Amino acid sequence: MKMHRIPAHVFNLDYTLRCGQVFRWQKRGGEWMGVVKDSVISVKQKGDVLVAKSNLAAEEIVSYFRLEDDMENIYKHIGKDKLMKKVIAKYRGLRLIRQDPWECLVSYVCSRNAPIKKIKSVIFNLSKNFGNVIKSDGHIEYTFPEPDMVAEATLDKLGICGFRYGKKQAREILEIAKLVGGNNFDLERLKKYSYLDAKEELMTLRGVGHKVADCVLLFSLDKLEAFPIDVHIRRFMRREYFQDENISDDKIRELAREYFGKYAGYAQEYLFYHERSGGEK
DNA sequence: TCCCAGGTAACAT
DNA sequence: ATGTTACATGGG
């Protein structure tokens, strides 16, 4: 275990890990514990320094938390109006996380029409049943299973993870695991594609629609213009930008990408957290 | 009992 | 091309 002290300006660890983009981090006594790339990592924030205990290299931690993103520049792009500026000020320092594409894909396929608590339990069960055990400081953690480890599972064994739509979703996960594990679907390659081309590829997978595709693109494939539309964002956008009109997701997506521009995804995550927190303050 | 939850695919206009 | 519905389930 190495100890890292990483400079982190315009960064808020709590907002970043609490806003709902990741599902496997837990806060225990002032420290956040997570599993990144087969290693346990614990992090805490001391002012403008991110203190991390991990076997990961410092660069990997910087990349994971997207500490290279120039937040002031991003705020300049997405701070289009009074409301947006207010939300930015409220959650200043919230950063997108650069997740592993495979874990991100599975997580959001399982997320559909489910409360976040449910998603967390499904992801935990997948890790516990199919991932590897890691022991650290007396705690037992699990890696997120590789595609092959899921692909070899039976429908019944997958089923005990408690998917939202039962065997229907277990079948989707199995099918995706076989494609990704068998090198018939290269997630990493999508990073080189344009946003729209990568999205089209992702949506050929059964179980992946606009929302899941946009989440995977935004949270793991560096497509910061992606603007995932879920129930919360839909409600927010209709209320704040369309006078409560029952506008379609296509229209919302069109407006959001045009209005917020190449960092629309950052705007989305701030608004998502804001709306889900009830917009208080 | 009804409504909601980080939706998608199949089906109907 | 756009609108509607089945799917499946624990919690408020």
Side-chain angles (χ1 to χ4, degrees), chain A residues 15-25 87 91 94-97 99-101 103-126 155-156 158-177 179 185 196 199-221 223-224 226-240 242 245-257 260 264-279:
Chain A
Y15 293 156
T16 298
L17 292 176
R18 277 197 221 280
C19 69
Q21 57 182 327
V22 287
F23 303 104
R24 297 214 314 136
W25 283 87
V87 176
Y91 295 122
L94 189 167
R95 282 175 191 259
L96 291 173
I97 282 178
Q99 303 183 32
D100 170 70
E103 177 173 346
C104 187
L105 173 59
V106 173
S107 301
Y108 282 92
V109 167
C110 297
S111 78
R112 91 175 188 238
N113 210 16
I116 287 184
K117 203 170 165 187
K118 173 72 170 174
I119 305 166
K120 286 181 175 170
S121 95
V122 170
I123 299 306
F124 175 78
N125 289 337
L126 266 172
L155 265 185
D156 286 336
L158 266 178
I160 61 176
C161 296
F163 297 109
R164 176 74 176 76
Y165 289 96
K167 291 219 167 156
K168 181 178 173 181
Q169 212 155 48
R171 267 190 288 274
E172 291 169 357
I173 297 295
L174 196 55
E175 192 178 314
I176 292 172
L179 284 170
F185 195 97
L196 287 175
K199 183 165 178 179
E200 198 178 333
E201 276 296 304
L202 277 171
M203 288 179 65
T204 63
L205 299 171
R206 281 160 64 79
V208 178
H210 283 280
K211 154 66 170 57
V212 171
D214 277 329
C215 285
V216 175
L217 291 164
L218 178 62
F219 299 138
S220 73
L221 295 173
K223 305 303 179 199
L224 299 186
F227 192 88
I229 298 171
D230 74 308
V231 286
H232 303 286
I233 287 293
R234 184 179 304 118
R235 185 194 309 124
F236 176 88
M237 294 297 286
R238 284 179 177 177
R239 188 181 69 236
E240 302 296 339
F242 294 97
E245 202 186 329
N246 278 345
I247 195 93
S248 72
D249 287 0
D250 283 347
K251 291 274 169 56
I252 296 175
R253 205 156 29 235
E254 197 180 317
L255 169 110
R257 296 221 306 131
F260 295 119
Y266 256 106
Q268 191 274 0
E269 202 55 23
Y270 276 68
L271 294 175
F272 174 80
Y273 194 26
H274 171 71
E275 179 69 11
R276 234 176 57 87
S277 313

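Below, read A as the first sequence line, B as the second, and so on, with proteins coming before strands; counting in each chain starts at 1. Predicted model, so just to flag it, every value in this text is computed and none were measured.
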Figure out the [atom1]/[atom2] separation between [X] and [N], and round it to whole Å.
X         : N      : atom1 : atom2 : value
Ile233(A) : dA5(B) : CD1   : P     : 13 Å
Arg276(A) : dA5(B) : CZ    : P     : 10 Å
Lys251(A) : dA1(C) : NZ    : C1'   : 11 Å
Arg171(A) : dC7(C) : CZ    : P     : 13 Å
Ile119(A) : dA5(B) : CD1   : P     : 12 Å

Handout entry: Same-atom distance (C1') from dG3(C) to dA5(B), integer angstrom
Key =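 Result for the C1' pair: 22 Å, nearest Å.
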Problem - Integer angstrom distance from the P of dA6(C) to that of dC2(B) - result: 15 Å
Practice task
Name the nucleic acid region contacted by Phe272(A), choosing base, sugar-phosphate or nothing; use a 4.0 angstrom heavy-atom cut-off, strictly under.
Solution key: base
Can you check whether [Y]'s main-chain N or O pairs, donor with acceptor, with [X]'s side chain at less than 3.5 Å?
X         : Y         : value
Arg257(A) : Ala264(A) : no
Gln99(A)  : Gln21(A)  : yes
Glu172(A) : Leu205(A) : no

Exercise for the section: Run the salt-bridge test on Asp250(A) and Arg253(A) with the 4.0 Å N-O cut-off and return the result as yes or no. Expected result: yes
Practice task
State whether Glu245(A) and Lys251(A) are salt-bridged, where the test is any N-O pair (Lys NZ or Arg NE/NH1/NH2 against Asp/Glu carboxylate O) under 4.0 Å.
Solution key: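 So Glu245(A) does not pair with Lys251(A) through a salt bridge.
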Practice task
Taking Watson-Crick and G-U wobble pairs with both distances under 3.5 Å, convert DNA chain C into its dot-bracket string, 5' to 3', dots for unpaired and | for cross-strand pairs.
Solution key: |||||||.||||
Practice task
Please tell me if the side chains of Lys211(A) and Ser111(A) come closer than 4.5 Å, counting only heavy atoms from C-beta onward.
Solution key: yes
Problem - nucleotides 7-13 of chain B: protein proximity per nucleotide (B base, S sugar-phosphate only, - neither; heavy atom, under 4.0 Å) - result: BSSS---
Problem - Which atom of Gly265(A) lies closest to which atom of Leu218(A), heavy atoms considered - result: CA-CD1, 3.5 Å
Practice task
Apply ring pair (Phe, Tyr, Trp, His ring centres under 6.0 Å) to Phe272(A) and list each qualifying residue two or more places apart in sequence or on a separate chain.
Solution key: His232(A)
Handout entry: Passing option when Phe23(A) is tested against Tyr108(A), Phe124(A), Phe219(A) for ring-ring contact (aromatic ring centres under 6.0 Å, His included)
Key =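 Exactly one candidate clears the test, Tyr108(A).
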